[in-house]
Amino acid sequence: MEIITGVERRRRWRLEEKLRIVAEAEEPGANLTEVARRHDVSRALLWNWRRQVRNGELALPTTAQFLPVQMVAEAPAMPAEPLALPRRQPAVAGDAVIEIGLPDGTTVRVGRDVGAVALRRVLGALRG
């Protein structure tokens with residue numbers, strides 16, 4: 001039971017609590033009204049949190065990760081001819097692009113209109 005005293009009448013939810021409640025509401029067969037009632041939160045607020053999670057606005061901060069590195073005596077042999085990739089039209093002024101070149105000749109280009117969630121998926125797929 002939570003007793004709210006003083007001038008402050010709104011509850012402050014920790015990020016972890018919000019994500020846990022949204023995850024419970026997203027489980028198969030979960031009833032949104034029951035989940036909201038069980039946690040004493042309004043259905044409208046729960047809907048808002050769900051939308052924020054889906055849009056990537058409500059998420060745990062990503063932490064830096066160390067990736068394993070292996071030192072080799074000499075560079076791996078590159079193919080004699082790089083793969084022929086279709087050339088893109090020159091960028092227009094103000095058209096921000098991030099370009100990532102991989103050792104195997106693969107190039108990934110990401111424009112400014114790509115959201116953080118989509119970029120995380122692409123980078124996750126590249127990491128394997």
Side-chain angles (χ1 to χ4, degrees):
M1 173 185 275
E2 182 176 4
I3 300 174
I4 302 172
T5 62
V7 178
E8 182 69 32
R9 300 233 188 275
R10 291 184 177 193
R11 292 193 339 198
R12 301 205 182 256
W13 295 90
R14 291 189 344 248
L15 178 60
E16 294 81 13
E17 290 175 314
K18 292 178 185 180
L19 294 173
R20 182 178 46 79
I21 294 169
V22 169
E24 184 179 331
E26 293 290 326
E27 289 179 5
N31 183 329
L32 187 91
T33 303
E34 290 298 319
V35 172
R37 186 177 299 134
R38 189 173 323 124
H39 295 284
D40 195 27
V41 64
S42 73
R43 289 178 301 166
L45 184 58
L46 185 51
W47 274 104
N48 190 29
W49 290 348
R50 289 176 71 198
R51 180 187 49 77
Q52 289 175 339
V53 168
R54 289 180 181 159
N55 292 340
E57 300 166 12
L58 184 66
L60 289 174
T62 57
T63 57
Q65 294 180 357
F66 287 103
L67 299 176
V69 175
Q70 181 179 7
M71 300 297 288
V72 293
E74 54 186 72
M78 293 296 289
E81 294 229 0
L83 299 173
L85 297 174
R87 284 290 176 206
R88 209 181 107 185
Q89 295 296 326
V92 189
D95 187 21
V97 175
I98 297 172
E99 186 170 308
I100 303 167
L102 301 177
D104 67 353
T106 303
T107 303
V108 178
R109 291 183 189 93
V110 181
R112 73 165 48 166
D113 56 336
V114 174
V117 174
L119 186 56
R120 276 191 215 111
R121 286 185 188 147
V122 170
L123 294 176
L126 290 175
R127 289 182 186 147

Check: By salt bridge (charged side-chain N to carboxylate O under 4.0 Å, His left out), which residues pair with Glu34, not counting sequence neighbours?
Finding: Arg37
Check: salt bridge (charged side-chain N to carboxylate O under 4.0 Å, His left out) with Arg43: which residues, sequence neighbours excluded?
Finding: none
Note to self: Could you check whether any side-chain N or O of Arg11 sits under 3.5 Å from a backbone N or O of Asp40, counting only pairs where one atom can act as donor and the other as acceptor?
What the structure shows: yes
Checklist line | side-chain hydrogen bond (donor to acceptor under 3.5 Å, both in side chains) involving Arg54 - partner list, sequence neighbours excluded | finding: Glu26
Note to self: Ignoring hydrogens, what is the shortest heavy-atom contact between Leu46 and Ala25? Give both atom names and the distance.
What the structure shows: CD2-CB, 4.2 Å
Checklist line | Contacts of Asn31 that satisfy side-chain hydrogen bond (donor to acceptor under 3.5 Å, both in side chains) - sequence neighbours left out | finding: none
Notebook entry, point to check: Is there a chain of hydrophobic side chains (I, L, V, M, F, W, Y, each step under 4.5 Å between heavy atoms) that links Val117 to Leu15?
Noted result: no
Note to self: Considering only residues two or more places apart or on different chains, which pairs with a residue in residues 13-54 satisfy ring pair (Phe, Tyr, Trp, His ring centres under 6.0 Å)?
What the structure shows: Trp13-Trp49
Check: Which heavy-atom pair separates Leu58 from Leu19 by the least distance, and what is that distance?
Finding: O-CD2, 3.7 Å
Item checked: salt bridge (charged side-chain N to carboxylate O under 4.0 Å, His left out) contacts touching residues 56-70 (sequence neighbours left out) -> Arg51-Glu57
Margin query: According to side-chain contact (heavy atoms from CB on, under 4.5 Å), who are the partners of Glu27, at least two apart in sequence or on a separate chain?
Written below: Ala30
